[in-house]
Amino acid sequence: MKKLIVSFTVLSLLLFAQKAKSQDIVDVAASVDDFSTLVTAVKAADLVDALKGDGPFTVFAPVNSGFAKIDSKTLNSLLEPANKEKLGAILTYHVVSGKLMAADVAKALKEGKGEATLTTLNGGTLTAVSKDGGIYLKDANGNFSKIAKTDVSASNGVIHIIEDVVMPQ
């Protein structure tokens with residue numbers, strides 16, 4: 001019975017990975033319940049078409065609990081049409097041009113002696129840092145977000161799941 005459960009779990013993961021490869025970044029994010037706040041924000045910032053583009057893109061996607069750490073009044077304000085530009089700047093701070101797989105980030109970290117600078121689509125920088133046995137992103141304000149899962153492939157790039165929203169200056 002244990003072998004059957006393990007086999008079913010592996011098969012499920014393989015099917016999800018195959019489905020993700022045929023879907024773009026937005027479709028993959030929309031298919032994961034824990035990205036519902038991210039998807040709402042992408043829609044509010046009018047970035048759906050851009051993230052459905054050819055890419056390739058690397059998206060550091062915060063989970064719902066990461067968005068929940070932002071004051072609810074602030075988050076609700078960002079989702080208003082009047083703040084579309086500011087929200088867009090925050091969201092594009094989570095995107096890097098090109099397809100950076102976990103192995104690419106690990107190589108850059110090794111070459112950079114534990115740090116690697118990534119230029120985001122909004123023109124800012126994130127610093128990938130190896131610490132506490134994991135890989136973290138350090139934002140422009142010195143805050144850290146742990147990369148919880150890597151290499152979720154999509155037809156136009158890759159998603160790495162992060163635990164917190166990173167913020168530009």
Side-chain angles (χ1 to χ4, degrees), residues 12-13 15-17 19-102 105 118-129 131-132 134-169:
S12 296
L13 290 171
L15 290 173
F16 176 76
K19 182 179 177 187
K21 287 181 184 179
S22 66
Q23 294 180 320
D24 61 49
I25 287 170
V26 175
D27 293 335
V28 172
S31 73
V32 178
D33 289 342
D34 209 16
F35 289 147
S36 62
T37 306
L38 175 63
V39 172
T40 297
V42 167
K43 289 176 182 176
D46 200 21
L47 291 174
V48 172
D49 289 341
L51 291 175
K52 282 183 160 289
D54 290 339
F57 304 108
T58 299
V59 176
F60 295 98
V63 292
N64 290 344
S65 60
F67 280 100
K69 293 175 186 174
I70 298 172
D71 174 68
S72 62
K73 184 177 177 183
T74 301
L75 182 58
N76 289 333
S77 174
L78 285 170
L79 294 171
E80 293 175 2
N83 293 317
K84 182 171 122 176
E85 190 174 309
K86 186 173 184 178
L87 179 60
I90 292 168
L91 293 175
T92 56
Y93 189 63
H94 290 78
V95 183
V96 174
S97 182
K99 186 174 185 178
L100 295 173
M101 302 301 286
V105 175
L118 307 171
T119 302
T120 67
L121 286 188
N122 84 348
T125 58
L126 287 168
T127 305
V129 178
K131 70 175 207 150
D132 300 332
I135 307 234
Y136 292 76
L137 293 179
K138 184 170 87 173
D139 68 18
N141 304 298
N143 298 311
F144 290 88
S145 178
K146 185 176 184 178
I147 300 175
K149 181 170 176 22
T150 61
D151 295 346
V152 179
S153 290
S155 62
N156 62 344
V158 63
I159 298 170
H160 301 297
I161 300 168
I162 60 175
E163 295 179 352
D164 299 283
V165 176
V166 289
M167 298 293 251
Q169 275 189 309

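None of the values given here were measured: they were computed from a predicted structure.
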Please give me the minimum heavy-atom distance between L91 and A45, naming the atom from each residue.
CD1-CB, 3.8 Å

Does the side chain of V39 come within less than 4.5 Å of V26's, by heavy atoms?
no

How about D54: does its CG atom have over 12 heavy atoms from other parts shown lying under 6.0 Å from it?
no

Provide the closest heavy-atom pair for A128 versus V105 in the form atom of the first, atom of the second, distance.
CB-CG1, 4.1 Å

Pairwise side-chain contact, D164 with P62, heavy-atom cut-off 4.5 Å (strictly under)
no

Restricting to non-hydrogen atoms, name the atom on I159 and the atom on A29 that form the minimum distance, rounded to 0.1 Å.
CD1-N, 4.5 Å

Can you tell me if NZ on K43 sees more than 12 non-hydrogen neighbours from other groups inside 6.0 Å?
no

For residues D34 and S65, report the shortest heavy-atom separation together with the two atoms involved.
OD1-N, 4.5 Å

Donor-acceptor list for residues 82-90 side chains, cut-off 3.5 Å, not counting sequence neighbours:
{"unit_1": "N83", "atom_1": "ND2", "unit_2": "S77", "atom_2": "O", "d": "2.7"}
{"unit_1": "N83", "atom_1": "ND2", "unit_2": "S77", "atom_2": "OG", "d": "3.1"}

For H160 and A61, indicate whether the former's side chain and the latter's backbone hold a donor-acceptor pair under 3.5 Å.
no

Is F57 close to V96 at the side-chain level, that is, under 4.5 Å between some pair of heavy atoms?
no

Distance, nearest 0.5 Å, that separates CG of L137 from NZ of K146:
12.5 Å

Can you tell me how far CD of Q169 sits from OH of Y93, rounded to the nearest 0.5 angstrom?
8.0 Å

If the condition is salt bridge (Lys or Arg N to Asp or Glu O under 4.0 Å), which residues does K52 pass it with, not counting sequence neighbours?
D24, D27

From T37 atom OG1 to N64 atom CG, the distance as rounded to the nearest 0.5 Å:
3.5 Å

When the aromatic ring centroids of H94 and F60 are compared, is their separation below 6.0 Å?
no

Should K138 and N143 count as side-chain neighbours, where that means a heavy-atom distance under 4.5 Å?
no

Do L38 and F67 come within less than 4.5 Å of each other through their side chains, counting heavy atoms only?
yes

Say you draw a straight line from CG of L100 to CG of L118; how long is it, rounded to the nearest 0.5 Å?
6.5 Å

Under the side-chain hydrogen bond (donor to acceptor under 3.5 Å, both in side chains) test, residues paired with D71 that sit two or more places apart
T74

Would you name the heavy atoms of K99 and G157 that are closest together and state the gap between them?
CE-O, 3.7 Å

For K131 and Y136, which heavy atoms make the closest approach, and how far apart are they?
O-CE1, 3.2 Å

If we only count heavy atoms from C-beta on, is the D139 to S145 side-chain gap below 4.5 Å?
no

